[in-house]
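Okay, so here's the structure we're looking at.
Worth knowing before you read on, the calculation uses all heavy atoms, side chains too, and leaves out hydrogens, waters and symmetry mates. Each ligand, and each atom within it, is numbered from 1 in the order the structure gives. Every value quoted in this text rests on a predicted model; they were computed, and no experiment measured them.
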Amino acid sequence: MSSKKAVVLLSGGLDSTTCAYLAKHEGYKVYALSFDYGQRLVREIESAKKVAAAVGVAEHLVMKFDLGMWGGSALTSDIDVPTGHVAAPTIETTRIPVTYVPGRNMIFLSLGVSYAEAIGADKVFIGVNSIDYSGYPDCRPEFVQAMQKAIDLGTKAGVEGKGIHVEAPLLMLTKAGIIELGTRVGVDYSLTWSCYQGGEKPCGACDSCLLRRKGFQECGRVDPIDV
Ligand SMILES: [Zn+2]
């Protein structure tokens, strides 16, 4: 097995699962990191564990902390999760949906970089996407570039070593494109969980469910969790 190491931020959703399989496909020893951050969808963590096992990761850590302490999001408090697709913000409309979690990807990526630096990993994979997405500012290329700059300047690996690269391979893909790519590298999408609600089955109506459905429809595939 290769000695190249990569940390993959693994939520158990479709995008991060695709990243885990991609990292494996690229020959990395995968160190998966999941966060139990007070989200209502605890179901996600169960999916992340199944995905980590299916990928055959070297290690899977689940870090627990509570962003619900200050809330501010429908995902970490009892604010209702909206249904029906919320269009991504444009120049004209800058409304960011209530499912946005304050500072989430900045926190997640920082923790992933800390883990990567500690174990000597070259890369941190993050499944952010700025095409078929909910309009969160921390899913855009500008955010990834700015974090890369901070990592280059603010870590020992960045200053003295070979650095740590943020790998965001899904950044500019459509949801259908992500599913096509994942299918080519053997992703088992039946293991993944996308719904923002905490139910037994996906609600089919939240932004995340709608984006997932659109993706499978556009690439002409059947979503294995719908059947
Ligand atoms: Zn849903």
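- For K5 and D122, the salt-bridge test fails: no basic side-chain N is under 4.0 Å from an acidic carboxylate O.
- Salt bridge status for D132 with K175: absent, with no side-chain N to carboxylate O gap under 4.0 Å.
- Aromatic ring pairs are classed by plane angle as parallel below 30°, tilted from 30° to 60° and perpendicular above 60°; the pair Y100 and Y136 is tilted.
- Near-neighbour remark for the Zn ion (ligand 1): protein N, O or S atoms under 2.8 Å are C195 SG, C203 SG, C206 SG, C209 SG; waters not counted.
- No salt bridge links K4 with E26; every basic N to acidic carboxylate O contact stays at or beyond 4.0 Å.
- Under the 4.0 Å criterion applied to side-chain N and carboxylate O atoms, K50 and D188 are not assigned as salt-bridge partners.
- Looking at heavy atoms from C-beta onward, S16 lies out of side-chain contact with F125 at the 4.5 angstrom threshold.
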